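Read through the structure below, which is laid out as structure tokens, and then see the notes.
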Amino acid sequence: MTKSGHDILKDRLRRAMGIDLQTVGHNSLRNAVARRMRVLGIKETRQYYELTERRAAELDELIDEVAVNETWFFRDDTPFTVLQRYSRNWLKRGRGSCLRILSVPCASGEEPYSIAIALLEAGVNGPLFKIDAIDISYRALRLARRGIYGRNSFRGRNNFFQRKYFQKTKAGYVIAKHIKHSVNFIRANILAANLPILNSRYDIIFCRNLLIYLDKDNQKVVVSILDKLLVDEGLIFTGHAEPGAFADSVFIPAPYPKAFALTRRSAVVCKPDRVSYNRQILPPSLPVQPLWFTELDTARELADTGQHEEAMECCEQYIRRHGPDKEAYFLMGMILTDMDEPRLAIRMLKKVVYLDPNLVKAIEMLALLYKGLGDDNNYRVFKQRAGRVAARNQPAGKGSE
Ligand SMILES: C[S@@+](CC[C@H](N)C(=O)[O-])C[C@H]1O[C@@H](n2cnc3c(N)ncnc32)[C@H](O)[C@@H]1O
């Protein structure tokens, strides 16, 4: 192929699918063209190049060759856990409508089918959700509609769902019919002006591992399309290397570590199920907005399930966003206590007392931590201080009852 022919073809592919061919490797296009030429029995690269100009179907074949269809069930885990939390809450809010989800790109179907399974496992039944799944690759969509998978599609740590939702056959693992029928597959280019779903709105969009293959301009176009497709309070899940593509957009990271989720700056995110880590003794200092979901809510949940480091990360994120906060420091103090880090816990609790010298519970905790360290002196100091503050805090007249 002449240099110019190769470059023009690169350009056509870039326009056809937005892909920056450098991201998929220098030789990917040459190899893809060579494969197609072998199939068609064409010897001259120039001849092949002319064919792609004349026949749109051939360009689609080339797209199939170039597309990176790498995917597997429950890829990255956490997004699906967050999806389940979100959808349970959505159910509780009783919107009386259907939870609308988009998976773009869906490749060979593992992602949208994982979404369906996650929803069913969360108690959101078939009629309550609708999943659209889009990909540009005909080949990938054929596999998705077929719904038969090999081992490579089950690369996650926990394949609990395999027995329940697949039947093992000689051909591979066949997905259960009700899962298969719960996904509506559509062949489309997300960048196309006539994108068939442009008038739809989704509560949740999975757009993972596409943006990394696009050039900057096309990344921006996709982000603005996602903005059009997402409802105000919606969530977008991206791939782990992709949140950067949303910088300078209307989206900001949602408060879920490792989910790579984004929400609108102005959005409200559903509050999760109530959790028991409310060993928190502070009176609520946040305004009561039952629909809001903050990093501290997530931190409590994570701490409750023993994910202490992630919980600490959430508290730090909350402080970065909102400034020094006694509730966040208090929670960090409790988490550090659970992590058997009494000295660090003391540092956090001293910050709480600095911000609010009347918080008896924090002072009492400090006393207990010093006692645990065998520091009787400080134990006495804080114990007495707790007593004084408690007496001062008592409503007038209560002491004489
Ligand atoms: C790596 S897969 C990602 C699949 C899945 N979202 C995941 O994260 O596991 C990338 C997919 O993007 C599709 N794709 C590339 N450009 C596209 C475009 N412009 N519109 C729609 N799909 C596209 C490819 O066909 C391929 O199946």
Side-chain angles (χ1 to χ4, degrees), residues 10-25 28-29 32 56 59-80 82-83 101-118 131-146 149 152-156 183-198 202 204-226 229 235-243 245 258-262:
K10 242 163 102 175
D11 218 46
R12 292 192 68 203
L13 272 176
R14 185 181 166 274
R15 269 184 282 125
M17 63 190 300
I19 197 163
D20 175 358
L21 281 165
Q22 287 193 351
T23 62
V24 290
S28 70
L29 179 58
L59 192 63
D60 289 338
E61 293 285 355
L62 192 60
I63 288 174
D64 271 355
E65 288 293 340
V66 168
V68 181
N69 302 135
E70 186 76 0
T71 185
W72 59 93
F73 285 102
F74 287 89
R75 185 175 189 171
D76 297 340
D77 289 348
T78 316
F80 298 95
V82 173
L83 167 74
I101 301 170
L102 174 67
S103 162
V104 57
C106 64
S108 37
E110 287 88 332
E111 180 175 277
Y113 288 144
S114 301
I115 295 170
I117 293 171
I131 304 172
D132 286 338
I134 287 186
D135 203 282
I136 199 170
S137 164
Y138 283 103
R139 187 186 295 169
L141 287 175
R142 270 198 300 278
L143 293 172
R145 290 191 177 108
R146 186 167 161 252
Y149 295 95
N152 219 17
S153 296
F154 300 93
R155 279 180 254 174
V183 180
N184 174 34
F185 289 103
I186 305 163
R187 192 270 168 184
N189 173 1
I190 185 154
L191 293 159
N194 60 352
L195 184 65
I197 51 156
L198 266 186
Y202 297 93
I204 294 173
I205 299 179
F206 279 69
C207 182
R208 305 191 306 157
N209 304 302
L210 166 68
L211 293 167
I212 36 166
Y213 298 112
L214 305 186
D215 58 40
K216 286 255 173 314
D217 289 346
N218 281 316
Q219 282 183 353
K220 278 199 178 134
V221 176
V222 171
V223 170
S224 74
I225 292 169
L226 297 178
L229 295 175
L235 269 185
I236 295 182
F237 293 101
T238 66
H240 64 90
E242 296 175 322
K258 298 202 177 131
F260 317 109
L262 296 134

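Just so it is clear, the structure is predicted and the values come from calculations on it, not from any experiment. Order of listing sets the numbers, starting from 1, for every ligand and every atom in it. Because only heavy atoms are used, hydrogens play no part in the values below, and waters and symmetry mates are left out as well, while side chains stay in.
- Interface atoms of ligand 1 facing Ala188, defined by a heavy-atom separation under 4.0 Å, are 20 (N), 21 (C).
- Close approach of ligand 1 to Glu111 (heavy-atom distance below 4.0 Å) involves ligand atoms 5 (C), 6 (N), 7 (C), 8 (O).
- With respect to atom 8 (O) of ligand 1, the closest heavy atom belonging to the protein is Asn209 ND2, 2.7 Å.
- Shortest contact from atom 16 (N) of ligand 1 to any protein heavy atom: Leu210 CD1, 3.5 Å.
- At under 3.5 Å, not a single nitrogen or oxygen of Ala67, backbone or side chain, sits near a nitrogen or oxygen of ligand 1.
- For Thr71 and Glu110, the side-chain atoms include no donor-acceptor pair closer than 3.5 Å.
- Considering both main-chain and side-chain atoms, Ile136 comes within under 3.5 Å of ligand 1 through a nitrogen or oxygen pair.
- Distances between N or O atoms of Asp135 and those of ligand 1 include at least one value under 3.5 Å.
- Regarding atom 20 (N) of ligand 1, its nearest protein heavy-atom neighbour is Ile190 N, 3.0 Å.
- Note that the CD atom of Glu111 and the CZ atom of Arg208 stand 4.5 Å from one another [nearest 0.5 Å].
- Side-chain atoms of Trp72 and Tyr149, non-hydrogen and from C-beta on, never get closer than 4.5 Å to each other.
- In this structure, CE on Met17 lies 12.5 Å from CD1 on Ile190, to the nearest 0.5 angstrom.
- Taking a 4.0 Å cut-off on heavy atoms, Asn69 registers as neighbouring ligand 1.
- For the atom pair NE2 (His240) and OG1 (Thr78), the distance works out to 12.0 Å, reported to the nearest 0.5 Å.
- Contacts between Met17 and ligand 1 below 4.0 angstrom, taking non-hydrogen atoms only, involve backbone and side chain alike.
- Not a single heavy atom of Ile19 sits closer than 4.0 Å to an atom of ligand 1.
- With a heavy-atom cut-off of 4.0 Å, Ser103 does not touch ligand 1 at all.
- Atom CG of Leu102 is separated from atom CG of Leu226 by 8.0 Å, given to the nearest 0.5 angstrom.
- Distances below 4.0 Å separate heavy atoms of Arg208 from the following atoms of ligand 1: 3 (C), 5 (C), 6 (N), 7 (C), 8 (O).
- Of all atoms in ligand 1, listed by their number and element, those nearer than 4.0 Å to a heavy atom of Asn189 are 18 (C), 19 (N), 20 (N).
- Heavy atoms of Arg75 found under 4.0 angstrom from ligand 1 belong exclusively to the side chain.
- An N or O contact shorter than 3.5 Å is missing between Leu191 and ligand 1 by distance.
- Rounded to the nearest 0.5 Å, atoms SG (Cys106) and CD1 (Ile134) are 8.0 Å apart.
- For the atom pair CZ of Arg139 and CD of Glu65, the computed distance is 4.5 Å after rounding to the nearest 0.5 Å.
- The protein heavy-atom contact nearest to atom 2 (S) of ligand 1 is Val68 O, 3.1 Å.
- Ion pairing between a basic and an acidic side chain is recognised when a charged N comes within 4.0 Å of a carboxylate O; Asp20 and Arg14 show no such pairing.
- Nearest protein neighbour of atom 9 (O) of ligand 1, counting heavy atoms only, is Thr71 OG1, 2.6 Å.
- For Phe206 and Phe260, the ring centers are positioned 6.0 Å apart or more.
- Proximity of the aromatic rings of Phe154 and Phe74 is defined here by a centroid distance below 6.0 angstrom, and this criterion is not met.
- Considering backbone and side-chain N/O atoms, Pro105 comes within less than 3.5 Å of an N/O atom of ligand 1.
- Only one option out of Val104, Asp135, Asp132 pairs with Ile186 in a side-chain contact (heavy atoms from CB on, under 4.5 Å); it is Asp132.
- Heavy-atom distances between Cys207 and ligand 1 stay at or above 4.0 Å for every pair.
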